Amino acid sequence: MLTSQKIVDALNEQIGYEFAASLQYVAIGSYFALESLPQLASHFYKQAEEERDHAMRFVNYVAELGAQVRIPGIQAPESQFKEAEQAVKLSLESELMVTQRINQLVELAKSESDHITLNFLQFFLKEQLEEVNSMDGLLKIVQRAGESRLLLVEEHLARKHDSLVTKEDHD
Ligand SMILES: [Fe+2]
Ligand SMILES: [Fe+2]
């Protein structure tokens with residue numbers, strides 16, 4: 001095998017965290033759907049898909065290493081929120097926690113001089129910077145608008161979505 005069992009175990013653990021993040025975002029998206037905030041709902045459903053994609057990257061990598069994929073038990077996500085701010089705060093905290101886990105994986109790979117895994121993890125370091133940043137931004141916007149004016153957040157997300165779609169059209 002290209003790497004140690006210790007690294008394979010840590011990678012398998014990370015598959016669980018990524019799937020847990022995916023489920024958490026599905027739960028948050030459905031909270032927003034119930035609150036009739038469709039832009040926020042679809043924003044979180046999209047994040048859920050991205051987390052699933054992260055999980056699958058780890059799955060494929062473990063398989064590529066010639067090791068056994070073992071998906072751990074996933075904790076049920078939090079699905080009750082008293083307000084939007086609480087849900088977005090939880091998301092930011094969870095991104096910060098995942099960042100810590102990725103850092104720990106990097107440390108472990110370093111300590112084992114596993115440069116192939118270090119190289120694989122580079123994508124996730126970049127991704128975490130992006131996701132923490134964008135979740136932090138969304139939290140600030142939700143806080144600035146306030147619970148009674150979440151429609152402003154909806155408008156903001158709709159505009160952002162439109163400009164992304166137009167950009168894609170031109171690319
Ligand atoms: Fe992730
Ligand atoms: Fe994430």
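Heads up: numbering here begins at 1 and tracks the sequence. Every number for a ligand or one of its atoms is a count from 1 in the order of the listing. Everything numeric here is computed off the predicted structure, so don't read it as measured data.
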Item to check | Heteroatoms of the protein, restricted to N/O/S, which lie under 2.8 Å from the Fe ion (ligand 1) | outcome: Glu18 OE1, Glu51 OE1, His54 ND1
Checklist entry - Between Glu51, Arg52, Arg57, Glu50, which is the residue that forms a side chain to side chain donor-acceptor pair (under 3.5 Å) with His54? => result Glu51
Checklist entry - Within the side chain of Glu78, is there an N or O that forms a donor-acceptor pair under 3.5 Å with the backbone of Gln24? => result no
Any side-chain donor near an acceptor of the partner, [X] and [Y], under 3.5 Å:
{"X": "Glu13", "Y": "Tyr17", "result": "yes"}
{"X": "Asp9", "Y": "Gln5", "result": "yes"}
{"X": "Glu18", "Y": "Gln14", "result": "yes"}
{"X": "Tyr45", "Y": "Ser30", "result": "no"}

